[in-house]
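Because the structure is predicted, anything quoted here is derived from the model rather than measured. What's counted below: heavy atoms across the whole structure, side chains too, no hydrogens, waters or symmetry copies. Here, residue 1 is the first one in the sequence, and each next residue gets the next number. Start at 1 and go down the list; that is how both ligands and their atoms are numbered.
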Amino acid sequence: MSDRREFVKISLLSSAALLSGSKLSAQQKIPDEKKYNTTKGKPVVISTWDFGQAANAGAWSVLEQYGKAIDAVEAGVKIPEANPFNQSVGYGGRPDRDGRVTLDACIMDEQGKCGSVACIEHIKHPISVARMVMERTPHVMLVGDGALQFALANGFKREKLLTSQSERDWREWLKREKYAPQKNIENRMPGGADNHDTIGMIAIDMKGNISGACTTSGMAYKMHGRVGDSPIIGAGLYVDNEVGAATGTGVGEEVIRIVGAHLIVELMRMGLTPEAACKRAIERIAANNPGNPNDIQVGFLALNKHGEYGAYALQKGFSYSVKNGHEDVVLEAKHLL
Ligand code: ASP
């Protein structure tokens, strides 16, 4: 058993022990889900994959100082963005089929303000550009060269994002030249070395405000100009401070088709638990792919206003990281297939 799996197993056991004492409040009427993951109070931060744990630590250092959730999620996702060994996010991300690293990111705060960049090149921290779009422009989304020019004009440095490892992998891929996204399951390596992944993060701060961030290099060897769900508000990320927030990872085209994150937040508004809402969204994706649901992977992650979290994936193998006052764990999500 790999260290990662062993760790997930241990984390699951300890979290099951922690959760055994949790209670539902009288008003919470949950239609089809009895199990809760209940955190005792705030703050809390959750994020996709095991590499989310390092990102959560970054977010936590803001949250524990009574910082704002929006600052926490930005600081958190910047950690994998800067990690050259994480080949699915930011610097070191796998390129498109033309060898160009193009990044997608978005951010959303407790007031419903949001910003996004898509298909941006040469900028190591697209999440910070997305935040600047939110704060300094009347727009929500900038793409491609326009996003790059905006970033450069606002003090971001132009950098080479293609690492020698990602270039080697791309050249190897060129020999086969087959656009075939794989399920992100058994062949994942520590640090997210797969052909697609995303860091999606949601946090609640001490004041109870919710924010989220989502950033990725998208599907490896995608067509140049392809944009996935991650920078699309409502698909890769959605925050409603009254209800909760959701984010996800996996084949972005499938997430866009069901407007995944917004759907999950609306399901939570209707009373579903985070896990039950994520499951419903995954069921829709499965229904959209009657012939070949095994060929794709999507994982969703959600947090409600009470700090309760949950996740669900199409395939086995989607993990997520949670940090709050009493847990710092990587959990394996339940799956449909
Ligand atoms: N959702 C990302 C995209 O489609 C990829 C991933 O998370 O695996 O660009």
Without swapping roles, check the side chain of E81 against the backbone of I127 for a donor-acceptor pair under 3.5 Å. yes
Would a distance-only check, ignoring hydrogens and angles, find a side-chain to backbone donor-acceptor pair under 3.5 Å from D50 to S319? no
At less than 4.0 angstrom from any non-hydrogen atom of T249, what atoms of ligand 1 do you find? 6 (C), 7 (O), 8 (O)
Going by atom types only, do S166 and Q87 share a side-chain donor-acceptor pair under 3.5 Å? yes
Regarding S321 and W49, is there a side-chain donor-to-acceptor distance under 3.5 Å anywhere? no
Looking at D229, which atoms of ligand 1 are within less than 4.0 Å of one of its heavy atoms? 1 (N), 2 (C), 3 (C), 4 (O)
Pick one of side chain, backbone, both or neither for how S88 approaches ligand 1, counting any non-hydrogen atom pair under 4.0 Å. neither
With nothing but distance in play, are any N or O atoms of D197 less than 3.5 Å from an N or O of ligand 1? yes
R284, CZ atom: more than 12 neighbouring heavy atoms under 6.0 Å: no
Looking at ligand 1, does R226 have a heavy atom less than 4.0 Å from it? yes
Face-on cation placement of K334 at Y312 ring, 6.0 Å and 45° thresholds: no
Name the option, out of G228, G250, G252, G260, that contains the heavy atom nearest to atom 2 (C) of ligand 1. G250
Using a strict cut-off of 4.0 Å, indicate which atoms of ligand 1 neighbour a heavy atom of S230. 1 (N), 2 (C)
Can you find an N/O atom of E253 closer than 3.5 Å to an N/O atom of ligand 1? no
